[in-house]
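A short write-up of the structure that comes next.
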Amino acid sequence: MVFSLSNILEARKVITGVADRTPLVPSPYMQEKFGQEFLLKLENMQPIGAFKLRGAMNAIMNLPDDVAGVTCCSTGNHGRGVAYAARQRGMRAVICMSALVPKPKVEGIKALGAEVRIIGESQDDALVESQRLVAEEGLVEVSPFDDPYVIAGQGTIGLEILEARPDIETILVPLSGGGLAAGIAVAAKSINPDIRMIGISMDRGPAMHESIRAGKPVEVEEFPSLADSLGGGIGLDNKLSFSLCRKYLDDTILVSEEEIYRAMQTLYYEDRIIAEGACVVGIAAALSGKLPKLEGPVAAIITGRNMDMEMFTRIVTGQSIELGDYVIDGMPYGS
Ligand SMILES: *Cc1c(COP(=O)(O)O)cnc(C)c1O
């Protein structure tokens with residue numbers, strides 16, 4: 001499949017007016033800490049609270065008029081993007097999710113008028129239901145990451161970053177199915193081939209990281225994580241996001257739940273930003289010394305804000321967190 005900058009430029013025309021051009025703001029704390037400019041791309045400010053609106057909108061606007069409706073499997077934010085975009089087009093949307101998806105995400109999707117199905121304990125279980133809806137009810141499936149329109153939509157973030165700051169040298173991208181990283185990488189490297197693209201995942205079930213190492217898509221076990229939006233596999237029959245990530249990511253890095261916890265506290269106390277665990281993995285990697293030496297301005301994508309506020313409050317007040325049978329010990333900020 002040929003995928004290039006032109007797909008992303010087309011996507012931008014389609015999503016303008018629905019998905020916002022988000023701010024790219026400095027983090028004085030991170031700059032002080034690393035001696036480099038450190039900028040945050042605030043996708044948590046999108047109308048649905050996450051960047052996924054970009055890809056979902058582009059995919060759904062490119063469907064023919066006569067489809068019966070759309071379906072998807074989702075860790076929450078893609079479903080919300082699909083629900084929002086389907087409503088814009090007056091289409092039926094059925095969102096399939098596993099029981100691992102936090103309740104506020106499920107409620108947010110229902111509030112947009114979409115039907116919700118909760119199936120099983122993993123993304124793979126949810127995918128089976130979404131595929132059944134395609135076969136039996138004629139709905140069109142919108143993949144959360146392995147779809148050229150979705151990747152192109154997410155890639156518009158890369159255009160915006162380089163238009164705002166052509167001197168950016170490193171981009172830190174949260175990495176799950178890789179639609180976000182693939183789109184941004186194609187945009188950014190088409191404009192400046194020397195940009196360094198680093199994908200970051202949680203160390204509990206990092207499907208794209210393991211697949212890149214193996215040289216082919218592999219399955220990983222899915223666990224509860226603070227970075228719930230990064231859960232799930234990349235699909236053993238992955239068509240596009242895997243090959244693009246393999247080609248364009250310079251490195252992939254893993255962070256622990258404790259590092260994510262601390263990064264959420266840091267972003268909250270130092271930059272006054274409420275962000276999901278999935279968004280802070282770039283900051284977590286930087287703070288834990290896992291990044292290669294940072295040279296030149298860095299941009300980190302703050303991908304979304306749709307989290308359980310009770311859990312968020314526990315984190316910023318330094319209390320312990322239970323993720324299934326994994327326990328993160330309480331750590332007050334600055335301790
Ligand atoms: C989906 C998502 C990601 C990862 O995007 P992929 O395209 O699956 O790699 C990161 N952060 C948030 C908040 C997300 O919803």
Side-chain angles (χ1 to χ4, degrees), residues 19 22 40-46 48-56 58-59 72-84 95 97 100-102 104-105 108-109 123 127 142-158 171-186 197-202 205-209 211-212 217 220 222 225-235 238 240-242 244-246 248-249 252 255 260 263-264 267 273-284 300-308:
T22 54
L40 309 174
K41 177 70 170 160
L42 298 184
E43 287 295 305
N44 53 324
M45 311 279 275
Q46 287 292 355
I48 63 153
F51 72 90
K52 291 270 190 351
L53 181 57
R54 295 176 186 260
N58 191 39
C72 66
C73 75
S74 169
T75 50
N77 287 331
H78 175 64
R80 201 154 170 163
V82 166
Y84 191 98
I95 314 300
M97 293 175 283
L100 290 181
V101 174
K105 287 187 168 145
I109 292 168
Q123 275 280 93
L127 183 61
V142 182
S143 163
F145 51 81
D146 197 24
D147 173 311
Y149 291 108
V150 170
I151 296 174
Q154 326 301 33
T156 57
I157 297 170
I171 302 182
L172 305 177
V173 194
L175 179 64
S176 176
L180 176 68
I184 294 179
V186 170
M197 288 287 313
I198 302 179
I200 303 122
S201 309
M202 70 291 188
M208 183 61 82
H209 171 88
S211 298
I212 290 175
V220 293
E222 194 171 339
S225 168
L226 289 181
D228 54 86
S229 289
L230 301 184
I234 69 165
N238 188 296
L240 187 58
S241 69
F242 171 68
L244 291 174
C245 284
R246 183 149 91 139
Y248 290 114
L249 288 183
T252 60
V255 292
I260 294 170
M264 287 171 84
L267 198 63
I273 292 173
I274 294 175
E276 292 180 42
C279 317
V280 300
V281 290
I283 289 170
I301 320 292
I302 305 302
T303 43
R305 60 153 194 254
N306 296 323
M307 63 163 319
D308 178 327

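Order of listing sets the numbers, starting from 1, for every ligand and every atom in it.
- In terms of N/O distances under 3.5 Å, ligand 1 is approached by Gly179.
- Less than 4.0 angstrom separates some heavy atom of Leu230 from each of these atoms of ligand 1: 3 (C), 4 (C), 10 (C).
- Under a 4.0 Å criterion applied to the non-hydrogen atoms of Phe51, ligand 1 contributes the atoms 1 (C), 2 (C), 3 (C), 5 (O), 10 (C), 11 (N), 12 (C), 14 (C).
- Heavy atoms of Lys52 approach ligand 1 to within less than 4.0 angstrom.
- Taking CG from Leu40 and CD1 from Ile302, the interatomic distance works out to 5.0 Å, rounded to the nearest 0.5 Å.
- Considering backbone and side-chain N/O atoms, Gly304 never comes within less than 3.5 Å of an N/O atom of ligand 1.
- To the nearest 0.5 Å, atom CZ of residue Phe145 and atom CG of residue Leu244 are 13.0 Å apart.
- Within the 4.0 Å heavy-atom criterion, the part of Asn77 lying near ligand 1 is the side chain and not the backbone.
- Within ligand 1, the atoms closer than 4.0 Å to a non-hydrogen atom of Ala278 are 11 (N), numbered from 1 in the order shown.
- Of all the heavy atoms of Ala50, none lies under 4.0 Å from any atom of ligand 1, so neither backbone nor side chain is involved.
- Closest of all the heavy-atom pairs between Ser229 and Glu276 is OG-OE1, 2.7 Å.
- When non-hydrogen atoms are compared, ligand 1 lies under 4.0 Å from neither the backbone nor the side chain of Met208.
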* Walk me through it: do Thr303 and Glu43 pass the test side chain to side chain donor-acceptor pair (under 3.5 Å)? => CA-CA 5 Å; Thr303 43; Glu43 287 295 305; over 6 Å; no
- Task: Show the numbers, then the answer: is there a side-chain contact (heavy atoms from CB on, under 4.5 Å) between Gln154 and Asn58?
- Result: CA-CA 9 Å; Gln154 326 301 33; Asn58 191 39; over 6 Å; no
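- The distance criterion of under 3.5 Å between nitrogen or oxygen atoms is not met by Phe145 with respect to ligand 1.
- Judged by the shortest distance from any of its heavy atoms, Gly178 lies inside the 4.0 Å radius around the atoms of ligand 1.
- Evaluated for a side-chain hydrogen bond (donor to acceptor under 3.5 Å, both in side chains) with Lys105, the options Asp228, Asp308, Asn306 yield exactly one hit, Asp228.
- Scanning the protein heavy atoms around atom 12 (C) of ligand 1, the nearest turns out to be Thr303 OG1, 3.4 Å.
- Using a 4.5 Å heavy-atom threshold, the side chains of Ile171 and Ile301 count as touching.
- Checked by atom type, the side-chain pair Ser241/Asn238 shows a donor-acceptor distance below 3.5 Å.
- Near Gly177, meaning under 4.0 Å from one of its heavy atoms, ligand 1 places the atoms 6 (P), 8 (O), 9 (O).
- Looking only at side-chain heavy atoms (C-beta outward), Pro174 and Leu180 come within less than 4.5 Å of each other.
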